Amino acid sequence: MSRSIVSADDGSDRREKAWASGTYPRPANEGRSRNMKANRRSDTKPEIALRRALHALGYRYRKDFRLDLPGGTRVRPDIVFTARKVAVFVDGCFWHVCPEHGREPTSNEWYWTPKLRRNVERDRAADDALKNAGWRVVRLWEHEPLPAAVQAVVVAAGPASVEREPQIASETDQDKSDEPISLT
């Protein structure tokens, strides 16, 4: 009985083919390559901070939830309030061409300029599709102060379904643990 050995594909063959065909630029150096690979599609630091703040206020939501809209449009907001029909996006300044912090690429412009333009066009198309389907859209930049971002979401989503008080451990809970209790 023969067993086939499946090799782990790390994508290097696909990258080599893309580089050879000229459809994708070679990285300037290994450090740049590691940096770009480390960019996350979801669970970015600004997104996590916003989610934590909203959760602490009693809001419940879905994260990175795909919405299949009429007309076949698929949208994946960072935070979704399904019952309230509110979609929240936390956009990165580089990837979504922030007017305040976004900048034109200085290397491989032939690749990055059209890619970033397509990102912005896709954002606008997603906004239009969501609005046409009756959703409210909140777009936030990653550099916005957390209180302002939370306020924008609260205004769009309305009051939290459960008002939450900060949890303080009782004396009996303190006796059960040898670790100090933090209120943060």
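Worth saying up front: this structure is predicted, and the values here are computed from it rather than measured.
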Member of V88, V138, L67, D64 meeting the side chain to side chain contact (heavy atoms under 4.5 Å, CB included) criterion with P77: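 Among V88, V138, L67, D64, the one that satisfies the side chain to side chain contact (heavy atoms under 4.5 Å, CB included) with P77 is L67.
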
State, yes or no, whether a side-chain contact exists between [X] and [Y] at a heavy-atom distance under 4.5 Å.
X	Y	answer
R118	K115	yes
R122	N119	yes
Y61	V86	no
V153	I79	no
D123	F89	no

Compare every heavy atom of [Y] with every heavy atom of [X], then report the nearest pair and how far apart it is.
X	Y	result
V150	A53	CG2-CB, 3.6 Å
Y59	A157	CE2-CB, 4.2 Å
H55	R60	O-NH1, 3.1 Å
E142	C93	OE2-N, 3.1 Å
F94	L116	O-CD2, 3.6 Å

CA sep, side-chain torsions, deciding dist, call: E121, R117, salt bridge (charged side-chain N to carboxylate O under 4.0 Å, His left out): CA-CA 6 Å; E121 290 168 359; R117 186 178 332 110; 5.1 Å; no

Do [X] and [Y] sit in one hydrophobic cluster, given that two such residues count as connected whenever their side-chain heavy atoms are within less than 4.5 Å of each other, even indirectly?
X	Y	answer
V137	V120	no
L50	V154	yes
V90	I48	no
W110	V97	yes

Residues in side-chain contact (heavy atoms from CB on, under 4.5 Å) contact with E144, at least two apart in sequence or another chain: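 For E144 the side-chain contact (heavy atoms from CB on, under 4.5 Å) partners, ignoring immediate neighbours, are L140, W141.
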
Donor-acceptor under 3.5 Å (R136 side chain, R84 main chain):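 Yes: the side chain of R136 pairs with the backbone of R84.
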
Donor-acceptor under 3.5 Å (D91 side chain, H96 main chain):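 No, the answer is negative, given that no donor and acceptor are paired below the 3.5 Å cut-off.
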
Nearest-0.5 Å distance, CZ of residue R62 to CZ of residue F81: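 Separation between the atoms: 12.5 Å.
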
Distance, nearest 0.5 Å, that separates CD of E100 from NE2 of H143: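 Between atom CD of E100 and atom NE2 of H143 there are 4.0 Å.
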
side-chain hydrogen bond (donor to acceptor under 3.5 Å, both in side chains) partners of K63, counting only residues at least two apart: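 With neighbours one apart ignored, the set is D43.
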
Sequence neighbours excluded and cut-off under 3.5 Å, please list the side-chain donor-acceptor pairs for residues 124-133, or say none.
{"unit_1": "R124", "atom_1": "NH1", "unit_2": "D127", "atom_2": "OD2", "d": "3.1"}
{"unit_1": "D127", "atom_1": "OD1", "unit_2": "R139", "atom_2": "NE", "d": "2.9"}
{"unit_1": "D127", "atom_1": "OD1", "unit_2": "R139", "atom_2": "NH2", "d": "3.1"}
{"unit_1": "D127", "atom_1": "OD2", "unit_2": "R139", "atom_2": "NE", "d": "3.3"}
{"unit_1": "N132", "atom_1": "ND2", "unit_2": "D128", "atom_2": "O", "d": "3.2"}

